[in-house]
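Working notes, beginning with the structure itself.
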Amino acid sequence: AWLASVASVERTMAIAEALQQVGLAVFRVHAQARCGRLRIAYPEPSRLGVDRFLAMLAACERNDGPWLIVSAGSALTVDLLGADGVHVGGLISPMPSDMRAALAQRVAQLDLPEGHARDFADDSADAIASGAQAANMMFCLCRTDPDASKHKGISYVLTPMYRDDGSSNGFELRPIK
């Protein structure tokens with residue numbers, strides 16, 4: 001069995017042991033500095049999550065980049081991968097619910113019931129929800145006029161990557177062909 005995990009060491013070991021107990025050989029997958037055409041930007045590839053590594057490897061092997069790879073799961077991750085397979089870098093942002101929890105833990109007065117995101121909130125609970133959602137906005141430049149010249153006919157789209165309840169918006173991002 002091939003095991004790619006970003007879970008804690010303890011949980012990953014428990015999964016590996018369970019697989020071994022049913023007679024399976026377990027092979028761990030780890031991020032590498034180079035794999036096929038893929039070249040990771042991180043000086044320490046072990047610090048790159050294997051989930052992001054595998055997504056970039058799959059995109060790179062399609063040979064039709066460049067790619068902006070976005071994952072909205074337990075965190076929002078974004079990685080930029082050049083057409084030549086070189087990873088430019090990435091970013092990770094916590095889920096809005098995690099941002100609210102961290103703020104409540106550090107500032108007792110802000111340990112409030114969950115608010116609702118608004119453009120400009122009129123109470124602290126809603127203001128916290130609004131700020132957390134704003135921190136997880138994704139912008140995309142999209143060619144909306146295929147007949148326009150190279151630098152024209154492009155629209156700027158800004159959208160939240162998570163719903164108020166913390167779930168993903170279910171986007172499927174694909175390259176423009």
Side-chain angles (χ1 to χ4, degrees), residues 1-63 65 67-82 85-108 110-117 125 128-129 131-138 159-175:
W2 292 95
L3 177 58
S5 176
V6 294
S8 69
V9 172
E10 296 79 17
R11 179 166 292 194
T12 300
M13 292 305 297
I15 293 168
E17 288 171 9
L19 291 169
Q20 289 168 340
Q21 286 176 359
V22 296
L24 296 173
V26 177
F27 303 95
R28 290 288 312 274
V29 179
H30 299 280
Q32 302 172 25
R34 296 171 169 254
C35 187
R37 295 178 54 243
L38 180 60
R39 304 292 179 263
I40 298 300
Y42 282 30
E44 295 179 51
S46 63
R47 297 186 66 150
L48 176 69
V50 69
D51 54 339
R52 294 169 59 207
F53 172 77
L54 291 173
M56 287 188 283
L57 182 60
C60 184
E61 293 305 313
R62 287 178 53 116
N63 204 26
W67 287 85
L68 181 68
I69 301 169
V70 179
S71 174
S74 58
L76 174 68
T77 64
V78 181
D79 286 284
L80 182 59
L81 183 63
V86 175
H87 175 223
V88 177
L91 60 87
I92 301 173
S93 177
M95 287 180 55
S97 59
D98 293 336
M99 289 182 198
R100 290 190 299 270
L103 191 57
Q105 184 179 13
R106 289 178 166 241
V107 183
L110 297 180
D111 189 4
L112 303 169
E114 189 169 323
H116 298 284
I128 291 168
Q133 184 182 59
N136 276 282
M137 298 294 276
M138 175 59 65
T159 184
M161 295 304 292
Y162 293 102
R163 294 185 179 101
D164 281 345
D165 65 5
S167 63
S168 154
N169 277 334
F171 291 105
E172 179 180 342
L173 303 174
R174 291 177 278 163

Dump the intermediate steps for side-chain contact (heavy atoms from CB on, under 4.5 Å) on Arg28 and Val50, then the final yes or no.
CA-CA 10 Å; Arg28 290 288 312 274; Val50 69; over 6 Å; no
Where is the tightest heavy-atom contact between Gly85 and Cys60, given as atom of each residue plus distance?
CA-SG, 3.6 Å
If you look at every heavy atom in Leu81 and Leu38, which pair is closest and at what distance?
CD1-CD1, 3.6 Å
As an exercise, state the distance from CD of Gln20 to CD1 of Ile15, rounded to the nearest 0.5 Å.
12.0 Å
What pair of heavy atoms forms the shortest contact from Leu24 to Ala1, and how long is it?
CD1-CB, 4.2 Å
Just verifying a value: how many Å separate Leu91 CG and Leu76 CG, rounded to the nearest 0.5 Å?
6.5 Å
Heavy-atom side-chain contact between Met99 and Ser93 under 4.5 Å:
yes
Quick one: OG1 on Thr12 to CD on Glu17, what's the gap to the nearest 0.5 Å?
11.0 Å
How far does CD of Glu61 sit from SG of Cys35, to the nearest 0.5 angstrom?
7.0 Å
What heavy-atom pair brings Ala31 and Leu48 nearest, and what distance separates the two atoms?
CB-O, 3.6 Å
Value rounded to 0.5 Å, distance of CD in Gln105 from CG in Asp111:
9.5 Å
Looking only at heavy atoms, which two atoms of Ala117 and Ala129 are closest? And how far apart?
N-CB, 3.8 Å
What's the spacing between Leu110 CG and Ile128 CD1 if we round to 0.5 Å?
4.5 Å
For residues 39-53, which residue pairs qualify under salt bridge (charged side-chain N to carboxylate O under 4.0 Å, His left out), counting only residues two or more places apart or in two chains?
Arg52-Asp79
Show the nearest heavy-atom pair for residues Ala59 and Trp67, with the distance to one decimal.
O-NE1, 3.5 Å
